[in-house]
Amino acid sequence: MRIRLRWIALTILVLSLAVWGFSGFHRGWSKSTVTEMKIDEITGLEYPVTINSFVFGLEMLGACVLITCICFGASFAFKKNTN
Amino acid sequence: MRLLRLKKIQTDMINNNFSGWTLCAALAVFCSAKINADPIVFDFKDPKKVNNALFLLDAPLESISGTATGISGTITFDPEKPAATKGKIVLDASTLHVDNPVMKEHMLDKGWMDVANHPKIQFVAEKFTNVKVDGSKIQAKAVGKFSVKGVTKKVTVPVTLTFLKGMLVKRNRVPGDLLVLRSDFTIKRSDYEINPGNKEEKVSDEIEIKLRVAGAAPTGK
């Protein structure tokens, strides 16, 4: 159980860092949409285009790191397998 | 040729010729119509959602930026008298958008924008001052009333108008003119009773607004 919890903690940490990286290391809150600015050719006006896309934010990364710490900490509650 | 025609008109006038007088009267009417051309009414309702307002709040702990696209309203513009420009730009408050869904819910909620009870944000331009014309571009200060969340304040904001004559056909395939309006200005949320004095470390009191809109005036109307 001790080793299994540590593996779970490591997996959560690696996966969350990977997802955060794929989201572009976004340092703000999570987003459910992404707004891009485009330019109207005739008027020259900049206008927003909203695309539905999930961006992994720092609060999600923080939550994953917290779960990792809990799993890792909990692993010490179990005895070492002496066999 | 023109001189000869004018001379004939003159001769006809002298001879009290009816057709000459008629032509002269028609010319006079045409000229006066040109001089006193009616101002053009531009409609800012935009189904393509190009018309937009951006807002930015830069607080010490957090920077929030968002958009809004539910723009409508009309502006009466006379290319010969830009100072006489008047009109109203209305924003549907429910179209205010930030990318974070929880933040958006809070923003539209009763504690902040209270969109259910105050569905419209509007600017009514009453007069234009300090008008500077540079070709098709007109820079001015728009004096008017800005209403947010049921609070109306008199404001003066810088505006840049660009009159694009005959360009509507390129955009909407309908003959007509376009009027592009750009305006950057700042308001204080405390002035408009938007949760005044609360959470200023995360939601700044000053709201920077960038209005980017274009109005259409089809000539066939």
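Only this structure's heavy atoms are used, side chains among them; waters, hydrogens and symmetry mates stay out. Numbers restart at 1 for each chain; the letters A, B, ... are given by sequence-line order, proteins then strands.
At least one donor-acceptor pair under 3.5 Å links the side chain of B:Arg189 to the backbone N or O of B:Asn195. Although no hydrogens or angles enter the test, the distance criterion places no donor-acceptor pair under 3.5 Å between the side chain of B:His106 and the main chain of B:Asp109. Without hydrogens or angle criteria, B:Asn100 side chain to A:Ser30 main chain gives a donor-acceptor distance under 3.5 Å. Within the 3.5 Å criterion, the main-chain N or O of B:Pro158 finds a donor-acceptor partner in the side chain of B:Ser183.
Of the inter-residue distances, the one linking B:Lys149 atom NZ with B:Trp112 atom CH2 reads 9.0 Å to the nearest 0.5 angstrom.
With respect to chain A, the highest number of heavy-atom pairs below 4.5 Å among B:Met103, B:Met167, B:Glu62 belongs to B:Glu62. The choice from B:Lys170, B:Lys210, B:His97, B:Lys104 that makes the most heavy-atom pairs within less than 4.5 Å of chain A is B:His97.
Neither the backbone nor the side chain of A:Ser53 comes within contact range of chain B; no heavy atoms are under 4.5 Å apart. For B:Val180, the part lying under 4.5 angstrom from a heavy atom of chain A is the side chain only. With a 4.5 Å cut-off on non-hydrogen atoms, B:Val213 touches chain A through its backbone but not through its side chain. A:Val34 touches chain B through its backbone: at least one of N, CA, C or O sits under 4.5 Å from a heavy atom, while the side chain does not. The contact between B:Lys49 and chain A is made entirely by backbone atoms, counting heavy-atom distances below 4.5 Å. When heavy atoms are compared at a cutoff of 4.5 Å, A:Glu41 does not approach chain B at all.
Ionic pairing of B:Asp78 and B:Lys86 is not present here: no N-O contact between side-chain nitrogen and carboxylate oxygen is shorter than 4.0 angstrom.
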